[in-house]
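So the structure is just underneath, and the comments pick up after that.
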Amino acid sequence: GTIVTAYYEFPSKHHFSEYERWFVSLLETSEPMVIFLQPGTRWVDYAIKRRGHAATLVVLIPLPELVMSRSMSDAFWQEQNE
């Protein structure tokens, strides 16, 4: 199978350093991966450099353009931060 994931920094119930640890660990897997990232962030080069060992597609798309950003209400996102 292929892992599909995304890494965007925004307010969350978990501190960004936790997500950072999880993301770094996930990049070490050998499964094919599709990674959605915010263009221009440090994570673009970071992910590309650390995924040379496995098939990887990095998709650069701003957070507001993601379907989940447009289809979920503000109330939904506020609830996620609680």
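Reckoned from all heavy atoms, side chains included, excluding hydrogens, waters and symmetry mates. In what follows, residues are counted from 1 in the order of the sequence shown.
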Distance-only criterion, 3.5 Å: show the donor-acceptor pairs between side-chain atoms of residues 32-41 and protein atoms not counting sequence neighbours.
unit_1	atom_1	unit_2	atom_2	d
Q38	OE1	L63	N	2.9
T41	OG1	Q38	O	3.0

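Classification of E20 and R42 as a salt-bridged pair holds, one side-chain N sitting under 4.0 Å from a carboxylate O.
Taking each heavy atom of E31 and G1 in turn, the nearest pair found is CB-O, 4.2 Å.
The CD1 atom of I61 sits 5.0 Å away from the CG atom of L66 when rounded to the nearest 0.5 Å. We find the NE2-CG distance between H53 and L27 to be 8.0 Å, quoted to the nearest 0.5 Å.
Side-chain N or O atoms of R51 include one that pairs as donor or acceptor with a backbone N or O of T29 at under 3.5 Å.
Ring planes of W43 and F23: perpendicular class, angle over 60° (limits at 30 and 60°).
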